[in-house]
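Following: one structure in structure tokens, then a few remarks.
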Amino acid sequence: MNRQPIPEGLPGYRFPVEPWRLVETAYSSDDLGVTETLFAVGNGYLGMRANPEEGREAHSHGTYLNGFHETWRIRHAEEAFGFAQTGQTIVNVPDAKLMKLYVDDEPLLLASADLDSYERAVDFRNGVLTRDMIWRTPAGKRVRVSSQRMVSFAHRHLAVLTLEITLLDSAAPVVVSSQLLNRQDGEDEYHVRAAALGEGKDPRQARKFDHRVLQPRLQRERDSEIVLGYRCANSAMTLACGTRHRIETSCNHDVTTEVGADLAKTVFTVRATPGDPVKITKLVAYHSSNGVPAEELADRCSRTLERAEQEGTEHLLMEQREWLDEFWENADIELRGDDRAQQALRWNLFQLAQASARTQEQGIAAKGVTGEGYDGHYFWDTEVYVAPFLAYTMPEAARKVVRFRWKMLDAARQRATEMSQVGALYPWRTINGEEASAYYAAGTAQYHINAAVVLAMRRYLEASGDIDFLSHEGAEVLVETARLWADLGFYASNGGRTFHIHRVTGPDEYTTVVNDNFYTNVMARFNLRYAARTVRFLANWNPEAFEQLCRSTELDLGELDDWDEAADAMFLPFDENLGINPQDSEFLDLEPWGWETTPPEKYPLLLNYHPLV
């Protein structure tokens with residue numbers, strides 16, 4: 001088959017292999033989109049792409065809060081009953097990463113800077129992104145510039161940024177403009193609207209809004225603290241973000257502050273002398289809500305910042321290290337003799353922590369909190385790939401994941417009704433619980449999301465033994481998902497008594513709306529059997545909880561037998577000649593794809609061929 005060449009990985013001369021760090025030793029603007037993601041930091045709720053402190057240049061500027069989104073009406077070319085109506089897109093929240101540096105009134109811009117040395121690294125043991133370099137200014141003065149960026153695992157709403165500048169040769173005026181900038185609706189740091197969010201091109205990127213999203217609700221300045229508050233135009237979600245600064249230096253300096261609806265900045269003007277470091281610490285807090293007034297969220301930001309200031313940066317760094325020490329004690333896998341594989345493995349484990357540690361009963365988006373691809377939606381990937389890992393390493397985080405789906409149950413029931421089914425049908429892609437897939441063939445038709453939710457629950461229950469969750473929340477999900485399968489499928493009227501599920505889409509989104517998708521049928525069989533067995537267990541173990549379940553779901557005990565019968569009769573396509581289970585009942589009758597004649601530029605196929613092709 002003619003396949004695209006497999007990348008050989010990160011070039012060793014620029015990204016040396018270290019088992020506990022990802023390190024970059026030379027700056028390049030050729031792969032900003034990749035490195036901004038590789039070096040991103042987050043905690044599952046708050047995420048910051050690895051954009052430079054100076055702002056420009058960037059592929060995609062990004063700061064995200066899990067679940068914070070705007071809604072918009074999906075406009076179908078031809079409407080039909082049951083089509084998804086409301087789109088949801090994660091919002092790029094105000095950017096607190098900006099700490100622009102000027103020496104002799106000349107800005108530091110990495111794309112054109114004369115750098116004597118450069119290193120950027122994220123340490124998996126302490127969760128801190130660092131950057132150290134020596135910049136030779138246009139006047140020939142050498143300046144050591146060091147920065148740290150940490151999104152706290154211990155404190156969900158907090159980030160800590162530091163910038164330290166040391167003149168190595170001669171005195172010079174130094175200015176640092178530390179900003180809080182609403183890029184979503186405004187301009188970039190140079191007042192260029194077209195570059196506000198970066199110039200990156202990605203077919204999976206989030207929707208571009210045609211209206212102002214973040215409506216200003218509050219601008220507050222008191223002492224060294226700034227807080228901005230907003231409300232989303234359509235979703236009515238609310239947000240507050242705040243900063244506090246501290247400067248440490250023996251040099252003379254002045255501090256000024258300006259606050260506006262879309263830009264707040266604290267400017268430090270320093271008469272710097274050689275060998276005297278100038279260190280600026282920036283504490284950042286974000287709080288969001290489904291509708292709590294911005295004023296209340298602003299007060300929460302103030303409390304977060306006050307506690308962080310009282311505890312001090314060193315204590316916050318120590319808490320970060322302690323959190324990760326426990327994580328690695330539970331999750332680390334040690335490989336011997338292959339440092340590159342070891343580094344890759346730990347980077348991936350670190351990303352799982354960054355995507356899930358502080359979700360607090362939100363989902364885990366396709367890009368975590370490192371980017372806005374796929375609109376920030378939650379998919380079945382969380383339940384199938386992430387939840388099992390969490391169940392055995394961070395069981396409390398796994399509990400949050402499965403309980404999040406329970407909180408969506410009423411919306412899933414409503415969706416099943418819209419689809420003329422009983423029970424509950426979980427959305428293929430969503431943020432707020434409503435189906436957001438405009439293309440039903442590759443979206444709603446992927447009914448197997450129901451079984452993925454149950455699989456995640458099973459993994460969590462088996463790992464944790466949390467029968468209390470089963471009694472009060474989980475059993476309700478089991479009942480409603482099993483009902484969906486029993487209603488969706490049917491018994492064949494010809495031949496043997498077999499149970500079939502037609503007009504669904506499996507994980508292969510190229511081959512849509514098929515009959516008896518093998519994966520879907522296997523997962524449905526699992527869902528039906530597990531639900532029947534577990535509900536019977538609950539009836540024996542906790543009769544009171546079982547009675548409550550029967551009342552809340554109007555469960556008839558005969559349904560359990562129906563589920564077992566459907567599972568036992570589930571049709572699984574099998575080809576006797578090839579000895580395999582085909583993907584669906586008609587898959588082997590399809591015309592083979594011409595891999596040998598498909599040119600490399602036509603990959604990925606879904607971006608170059610109509611779905612019918």
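The aromatic ring centres of F68 and Y286 sit 6.0 Å or more apart.
Note that CD1 of I90 is 14.5 Å distant from OH of Y374, once rounded to the nearest 0.5 Å. Between the CG atom in L283 and the OG1 atom in T313 there is a gap of 6.0 Å [rounded to 0.5 Å].
Taking the ring pair (Phe, Tyr, Trp, His ring centres under 6.0 Å) definition, one finds that F389 meets it with nothing, sequence neighbours left out. Partners of Q351 according to the side chain to side chain donor-acceptor pair (under 3.5 Å) rule, which considers only residues two or more places apart in sequence or in another chain, are Q354. Every residue two or more places apart in sequence or in another chain that forms a side-chain contact (heavy atoms from CB on, under 4.5 Å) with E434 is listed here: T86, Q88, N432. Taking the side-chain contact (heavy atoms from CB on, under 4.5 Å) definition, one finds that R307 meets it with R303, T304, sequence neighbours left out. Applying the side-chain contact (heavy atoms from CB on, under 4.5 Å) test to I134 and every residue at least two apart in sequence or in another chain returns D116, S117, R142, R144, L168. V369 pairs by the side-chain contact (heavy atoms from CB on, under 4.5 Å) definition with N66, not counting sequence neighbours. A search for salt bridge (Lys or Arg N to Asp or Glu O under 4.0 Å) contacts involving D332 returns R346, not counting sequence neighbours. Evaluation of the salt bridge (Lys or Arg N to Asp or Glu O under 4.0 Å) rule for E396 yields K400 as partners, not counting sequence neighbours. The salt bridge (Lys or Arg N to Asp or Glu O under 4.0 Å) search around E119 returns R21, not counting sequence neighbours. With sequence neighbours excluded, no residue forms a ring pair (Phe, Tyr, Trp, His ring centres under 6.0 Å) with H253. In this structure R358 satisfies the salt bridge (Lys or Arg N to Asp or Glu O under 4.0 Å) test with no other residue, sequence neighbours excluded.
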Could you walk me through whether L22 and L10 pass the side chain to side chain contact (heavy atoms under 4.5 Å, CB included) test, one step at a time? CA-CA 10 Å; L22 179 65; L10 300 174; 4.0 Å; yes
Evaluate side-chain hydrogen bond (donor to acceptor under 3.5 Å, both in side chains) for Q179 paired with S177, printing each intermediate quantity in order. CA-CA 6 Å; Q179 303 185 7; S177 178; 3.1 Å; yes
Worked check of side chain to side chain contact (heavy atoms under 4.5 Å, CB included) between T269 and Y102: CA-CA 10 Å; T269 303; Y102 303 83; over 6 Å; no
Using the rule given for side chain to side chain contact (heavy atoms under 4.5 Å, CB included), can you reason through V143 versus V174, listing the C-alpha separation, both sets of side-chain angles and the distance that settles it, and then say yes or no? CA-CA 10 Å; V143 184; V174 170; over 6 Å; no
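Between G62 and N92, the shortest heavy-atom contact is CA-OD1, 3.5 Å. Closest approach of L65 to S288, counting heavy atoms only: CD1-CB, 3.9 Å. Across all their heavy atoms, L180 and A96 have their closest contact at CD1-CB, 3.7 Å.
With hydrogens and angles disregarded, a donor-acceptor distance shorter than 3.5 Å links the side chain of N43 to the backbone of S152. Side chain of N51 to main chain of S60: a donor-acceptor pair is present (N/O by atom type, distance under 3.5 Å, no hydrogens or angles). A donor-acceptor distance shorter than 3.5 angstrom exists from the side chain of Q342 to the backbone of L335, with no hydrogens or angles considered. T382 contributes no side-chain N or O that, together with a main-chain N or O of V386, makes up a donor-acceptor pair within less than 3.5 Å. A distance-only check finds a donor-acceptor pair linking the side chain of D185 to the backbone of V213 [under 3.5 Å]. Panel note: side chain R49, backbone G33; a donor-acceptor pair is recorded below 3.5 Å. At distances below 3.5 Å, not a single donor-acceptor pair connects side-chain atoms of R183 with backbone N or O atoms of H61. Side-chain N or O atoms of D123 include one that pairs as donor or acceptor with a backbone N or O of R125 at under 3.5 Å. Checking side-chain atoms of S178 against main-chain N and O of T266 turns up no donor-acceptor pair under 3.5 Å. The backbone N or O of F153 lies less than 3.5 Å from a partner atom in the side chain of Q320, making a donor-acceptor pair.
The shortest side-chain heavy-atom distance between L239 and P94 falls under the 4.5 Å cut-off. Here the side chains of E106 and T137 are not in contact, with every heavy-atom distance at 4.5 Å or above. Here the side chains of V401 and S356 are not in contact, with every heavy-atom distance at 4.5 Å or above. Residues R136 and L115 are not in side-chain contact: their nearest non-hydrogen atoms beyond the backbone lie 4.5 Å or more apart.
Counted by atom type alone, E319 and H155 present one or more donor-acceptor pairs between their side chains at under 3.5 Å. Side chain to side chain, R220 and S302 meet the donor-acceptor criterion of an N or O pair below 3.5 Å. With no hydrogens or angles considered, a side-chain donor-acceptor pair links E53 and S147 at under 3.5 Å. Residues R300 and H287 bring no donor and acceptor atom of their side chains to less than 3.5 Å of each other.
In the displayed structure, D223 atom CG is contacted under 6.0 Å by at most 12 heavy atoms of other residues, nucleotides or ligands.
Checked against E54 for a salt bridge (Lys or Arg N to Asp or Glu O under 4.0 Å), the options R131, K100, K97 give a single hit: R131. The side chain to side chain contact (heavy atoms under 4.5 Å, CB included) with F124 is formed by just one residue from the set V122, N126, V128; it is V122. Of the listed residues (D262, N182, V93), just one forms a side chain to side chain contact (heavy atoms under 4.5 Å, CB included) with L214, and that residue is N182.
A salt bridge links D254 to R271: one of the charged nitrogens lies within less than 4.0 Å of a carboxylate oxygen. Under the 4.0 Å criterion applied to side-chain N and carboxylate O atoms, R14 and E24 are assigned as salt-bridge partners.
The list of ring-ring contact (aromatic ring centres under 6.0 Å, His included) pairs with a residue in residues 14-45, not counting sequence neighbours, reads W20-W328, Y45-H157.
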